[in-house]
Q: 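Next up is a structure, given as structure tokens.
Below, each value reflects all heavy atoms present in this structure, side chains not excepted, and no hydrogens, waters or symmetry copies. Everything quoted here is computed from the prediction, not taken from an experiment.
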Amino acid sequence: MLNRYIGQGRLTADPELRQTDTGFKYVRIAIAIPQAFNKKETDFIDVVAWDKTAEFVVKYFKKGQQIIVDGALRSRSWTDDNNVRHKIMEVVAREVHFAGDKAGKKDDDAFHEMEEDDGSLPF
């Protein structure tokens with residue numbers, strides 16, 4: 001069987017590192033992905049990352065930054081204090097990658113073609 005999710009989107013909030021009662025580090029994030037066929041609609045994908053991957057996300061990513069998530073889709077359910085059953089689908093990230101421009105990169109740093117040749121170049 002195959003269960004693999006790969007998605008690219010923008011973080012909806014700054015990631016915050018958390019820890020379980022047993023000491024495992026994790027981060028919960030959501031990524032916003034505009035729908036390809038309707039740019040006015042956006043899908044929000046819940047993602048959880050554990051241990052070193054979680055630390056990496058918290059250290060290098062901020063709200064609005066593009067991220068690529070590679071992981072598996074999982075469902076989990078629980079019953080709250082009011083005896084209401086909840087179910088959620090989320091991606092458990094195996095890896096995350098940078099996408100888009102580097103954080104803090106200014107447009108001035110980007111490559112720009114010369115408007116016209118001023119004759120100063122040797123070629």
Q: For F24 and W50, take the angle between the two ring planes, folded into 0 to 90°, and tell me which bin it lands in: parallel under 30, tilted 30 to 60, perpendicular over 60.
A: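 F24 vs W50 ring planes: perpendicular.
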
Q: Are L11 and F56 connected in a single hydrophobic cluster, I mean Ile/Leu/Val/Met/Phe/Trp/Tyr linked by side-chain heavy atoms less than 4.5 Å apart?
A: yes

Q: Rounded to the nearest 0.5 Å, what's the gap from CD on E90 to CG on L73? Could you check?
A: 9.0 Å

Q: Can you tell me how far apart CD (Q19) and NZ (K25) are? Round to the nearest 0.5 Å.
A: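 It is 6.5 Å, given to the nearest 0.5 Å.
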
Q: Heavy atoms, side chains only, cut-off 4.5 Å: are F61 and I29 in contact?
A: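 Not touching, per the 4.5 Å side-chain cut-off.
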
Q: Given the rule in the side-chain hydrogen bond (donor to acceptor under 3.5 Å, both in side chains) test, do D70 and H97 qualify, once you have shown the distances and angles that lead to the verdict?
A: CA-CA 8 Å; D70 183 349; H97 304 276; 5.2 Å; no

Q: Nearest 0.5 Å, please: how far is CZ in R76 from NZ in K87?
A: 12.0 Å

Q: Hey, quick one: are V69 and L17 part of the same hydrophobic cluster, counting side-chain heavy atoms closer than 4.5 Å, chains of contacts allowed?
A: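 As far as the 4.5 Å side-chain criterion goes, L17 and V69 are connected within one cluster.
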
Q: May I ask whether V92 and I33 are part of the same hydrophobic cluster, defined by side-chain heavy atoms of I, L, V, M, F, W, Y residues being less than 4.5 angstrom apart, directly or through others?
A: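 No, V92 does not connect to I33 through the hydrophobic network.
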
Q: More than 12 heavy atoms of other residues, nucleotides or ligands under 6.0 Å from CD of Q8: yes or no?
A: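 Yes, CD of Q8 has more than 12 neighbouring heavy atoms, counting only those of other groups under 6.0 Å.
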
Q: Evaluate Y60 against V96 for side-chain contact (heavy atoms from CB on, under 4.5 Å), listing each step before the verdict.
A: CA-CA 11 Å; Y60 293 107; V96 296; over 6 Å; no

Q: Would you say the side-chain atoms of D14 pair up with the backbone N or O of K63, donor to acceptor, closer than 3.5 Å?
A: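 The answer is yes, because a donor-acceptor pair under 3.5 Å joins these two groups.
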
Q: Is there a side-chain contact between R94 and T53, using heavy atoms and a 4.5 Å cut-off?
A: no

Q: Hey, quick one: are V48 and M89 part of the same hydrophobic cluster, counting side-chain heavy atoms closer than 4.5 Å, chains of contacts allowed?
A: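 As far as the 4.5 Å side-chain criterion goes, M89 and V48 are not connected within one cluster.
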
Q: Measure the spacing between CZ of R85 and CH2 of W78 and express it to the nearest 0.5 Å.
A: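 Going from CZ on R85 over to CH2 on W78, the span is 10.0 Å.
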
Q: Is there side-chain contact between R28 and D46, with at least one heavy-atom pair below 4.5 Å?
A: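 Side chain of R28 against side chain of D46, heavy atoms only: no contact under 4.5 Å found.
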
Q: Kindly check if the number of other-residue, nucleotide or ligand heavy atoms within 6.0 Å of CZ (R18) is above 12?
A: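 Not buried by this count: 12 neighbours or fewer within 6.0 Å.
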
Q: Does the side chain of R4 reach to within under 4.5 Å of the side chain of I6, using non-hydrogen atoms?
A: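 Yes. Closest side-chain heavy atoms under 4.5 Å.
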
Q: Please answer whether the main-chain N or O of V84 pairs with a side-chain N or O of N82 as donor and acceptor at a distance below 3.5 Å.
A: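 Absent.
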
Q: Minimum heavy-atom separation for I68 to A99, with atom names?
A: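 Scanning both residues, the minimum pair turns out to be CG1-CB, 3.7 Å.
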
Q: How close do A49 and A54 get, heavy atom to heavy atom, and via which atoms?
A: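 Closest approach of A49 to A54, heavy atoms only: O-CB, 3.3 Å.
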
Q: Which pair of non-hydrogen atoms, one from Q35 and one from D43, has the smallest distance, and what is that distance?
A: NE2-OD1, 3.1 Å

Q: Hey, quick one: are I45 and Y26 part of the same hydrophobic cluster, counting side-chain heavy atoms closer than 4.5 Å, chains of contacts allowed?
A: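 The answer is no; the residues belong to distinct hydrophobic clusters.
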
